Structures are given as structure tokens and as C-alpha cells.
Amino acid sequence: MALLKVAESIKENTKKPTRYYSSKQESLVSKKLNGNKVKNSGATMFSKGDVKVKGLLTIECKTKTTSSSTITIHKDWLEKIEKESLFEGTPYSLLVFNFGPNEDNYYVLNEDLWLEFYEYLKQKHNIK
């Protein structure tokens with residue numbers, strides 16, 4: 001009986017592969033944005049990004065495998081997704097990250113897209 005409890009405890013505490021957490025995040029982002037998760041993202045020359053919203057967005061997703069209070073955003077992540085967006089023919093790119101499994105996602109966008117969104121918000125709320 002004790003051996004069974006030890007085996008169950010080990011199984012519960014076994015860390016899943018990084019791909020498990022990445023896939024979970026990508027599925028959530030694609031569902032929320034009505035996009036498509038890219039199969040084998042990062043493993044093919046032809047399809048770029050992790051999630052695509054047809055004709056609009058190419059998205060790179062980054063997640064931590066354990067909960068954390070910090071994450072480092074790398075400049076090359078942003079440059080890569082912007083290039084991939086051009087390659088894919090989408091006008092916008094986003095970086096989506098979170099601080100660990102079951103944590104909120106945060107969206108990083110460049111200034112041009114932010115300014116478009118800002119104008120939309122001002123119009124929506126009748127602010128001049």
C-alpha cells in the first residue's frame with residue numbers, strides 16, 4: 001500500500017515535457033482568437049509562428065513550465081515573429097506569454113499596432 005502511494009506521488013510530481021505546456025497555451029490562444037494552431041510550429045520551413053489568424057495575425061507563444069513571477073522577453077523573439085508575419089503575409093504579429101501553467105496570457109504588440117488599438121479605444125469611448 002505504501003509503495004502504491006509513493007508511485008502515485010512520483011507520478012503527480014513528474015514534470016511534463018515543455019511541449020505539453022506550449023501546446024496547451026497555443027490551443028488556448030487559438031481558441032480565444034478564433035485562429036489556427038500551427039502543427040509542428042518551429043519545425044517546418046513553410047509554416048511560421050505558433051498560431052495564425054488568417055489574413056490578420058501571426059502569433060508566437062511563450063510559456064513557463066512552472067509558475068514564476070518573472071519572464072525575460074527576448075528581442076530576437078519579437079524580431080523573429082515580425083519576420084515570420086511578413087513571410088506569412090499577415091499585417092500584424094504578436095508575442096503571447098504567461099508566467100506558468102494555468103496563468104493569464106499577456107500580449108506584446110509593437111507601437112504601430114498599439115496606436116491603431118488606441119485609436120479604436122478612443123472611438124469606442126467617444127474620447128477626442
Side-chain angles (χ1 to χ4, degrees):
M1 187 68 149
L3 186 58
L4 183 59
K5 285 187 178 185
V6 170
E8 288 175 2
S9 176
I10 290 170
K11 186 177 179 182
E12 288 175 11
N13 292 325
T14 301
K15 189 175 173 185
K16 293 179 173 72
T18 302
R19 188 70 211 140
Y20 168 83
Y21 299 101
S22 297
S23 182
K24 191 173 174 182
Q25 181 195 31
E26 292 163 10
S27 294
L28 180 65
V29 169
S30 66
K31 185 177 180 181
K32 285 191 174 195
L33 299 178
N34 198 25
N36 295 305
K37 185 175 153 185
V38 175
K39 292 179 196 235
N40 289 328
S41 62
T44 174
M45 289 176 34
F46 304 106
S47 195
K48 303 297 182 182
D50 295 321
V51 175
K52 287 187 209 162
V53 178
K54 189 174 181 175
L56 189 64
L57 292 166
T58 301
I59 302 165
E60 180 72 18
C61 296
K62 298 292 183 184
T63 186
K64 303 276 280 214
T65 58
T66 57
S67 291
S68 173
S69 62
T70 63
I71 187 169
T72 300
I73 303 296
H74 297 266
K75 183 178 181 182
D76 65 319
W77 294 350
L78 299 167
E79 292 171 342
K80 179 180 176 243
I81 196 61
E82 285 184 358
K83 287 178 187 172
E84 290 176 354
S85 181
L86 287 172
F87 178 82
E88 291 294 326
T90 57
Y92 304 109
S93 63
L94 293 174
L95 171 69
V96 179
F97 73 93
N98 63 37
F99 293 100
N102 304 314
E103 299 276 345
D104 290 338
N105 284 315
Y106 293 88
Y107 293 70
V108 178
L109 52 147
N110 69 23
E111 187 173 42
D112 291 338
L113 183 52
W114 163 249
L115 290 172
E116 283 190 43
F117 181 61
Y118 177 63
E119 288 302 319
Y120 163 78
L121 290 175
K122 287 190 334 185
Q123 288 177 2
K124 180 179 178 184
H125 296 281
N126 281 333
I127 297 172
K128 303 231 183 243

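Heads up: numbering here begins at 1 and tracks the sequence. Values in this document were obtained by computation on a predicted structure and should not be read as measured data.
A 6.0 Å sphere centred on CG of N102 holds no more than 12 heavy atoms belonging to other residues, nucleotides or ligands.
Residues N110 and E82 approach most closely at ND2-OE2, 3.5 Å, considering heavy atoms. Residues P91 and L56 come closest through the heavy atom pair CD-O, 3.4 Å.
For T18, there are no side-chain hydrogen bond (donor to acceptor under 3.5 Å, both in side chains) partners, not counting sequence neighbours. Listed by chain and number, the residues in a side-chain hydrogen bond (donor to acceptor under 3.5 Å, both in side chains) with S22 amount to none (sequence neighbours excluded). Taking V96 as the reference, Q25, V29, I59, C61, N105, Y107 meet the side chain to side chain contact (heavy atoms under 4.5 Å, CB included) condition, with sequence neighbours excluded. For K37, there are no salt bridge (Lys or Arg N to Asp or Glu O under 4.0 Å) partners two or more places apart in sequence or in a different chain. Scored by the side-chain hydrogen bond (donor to acceptor under 3.5 Å, both in side chains) test, D104 finds no partners at all (sequence neighbours excluded). In this structure, Y92 has no ring pair (Phe, Tyr, Trp, His ring centres under 6.0 Å) partners at least two apart in sequence or on a different chain. N36 is linked by a side-chain hydrogen bond (donor to acceptor under 3.5 Å, both in side chains) to nothing, counting only residues two or more places apart in sequence or in another chain. Residues passing the ring pair (Phe, Tyr, Trp, His ring centres under 6.0 Å) test with F117 are W114, sequence neighbours excluded.
The salt bridge (Lys or Arg N to Asp or Glu O under 4.0 Å) pairs that include a residue from residues 63-75 are K75-E79, where partners are two or more places apart or lie in different chains. Pairs of residues two or more places apart, or lying in two chains, never qualify as salt bridge (Lys or Arg N to Asp or Glu O under 4.0 Å) while including a residue from residues 105-116. The salt bridge (Lys or Arg N to Asp or Glu O under 4.0 Å) pairs that include a residue from residues 119-128 are E119-K122, where partners are two or more places apart or lie in different chains.
The shortest distance between side-chain heavy atoms of S67 and E103 falls below 4.5 Å. Looking only at side-chain heavy atoms (C-beta outward), I81 and L94 stay at 4.5 Å or farther from each other.
As a member of the Ile/Leu/Val/Met/Phe/Trp/Tyr network built from side-chain separations under 4.5 Å, F97 groups with I71, I73, W77, L78, L95, F99, Y106, V108.
There is a path of hydrophobic side-chain contacts, each under 4.5 Å, that joins L57 to V51. One hydrophobic cluster, built from ILVMFWY side chains closer than 4.5 Å, holds both L109 and L33. L115 and L121 fall within the same hydrophobic cluster, defined by Ile, Leu, Val, Met, Phe, Trp and Tyr side-chain heavy atoms under 4.5 Å apart, directly or through other members.
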Begin with the C-alpha distance, continue with both residues' side-chain angles, and end with the deciding distance and a verdict on side chain to side chain contact (heavy atoms under 4.5 Å, CB included) for S93 and E84. CA-CA 8 Å; S93 63; E84 290 176 354; over 6 Å; no
Evaluate side chain to side chain contact (heavy atoms under 4.5 Å, CB included) for K32 paired with L28, printing each intermediate quantity in order. CA-CA 6 Å; K32 285 191 174 195; L28 180 65; 3.9 Å; yes
Run the numbers on K62 and H74 for side chain to side chain contact (heavy atoms under 4.5 Å, CB included), then give the verdict. CA-CA 11 Å; K62 298 292 183 184; H74 297 266; over 6 Å; no
Let me see the working for E26 and T63 under side chain to side chain contact (heavy atoms under 4.5 Å, CB included), right down to the final yes or no. CA-CA 9 Å; E26 292 163 10; T63 186; over 6 Å; no
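Distance check: D76 CG to K83 NZ gives 9.5 Å after rounding to the nearest 0.5 Å.
Side-chain polar atoms of T65 and K15 form a donor-acceptor pair below 3.5 angstrom.
Between the S85 side chain and the T90 main chain, a donor and an acceptor come within less than 3.5 Å of each other.
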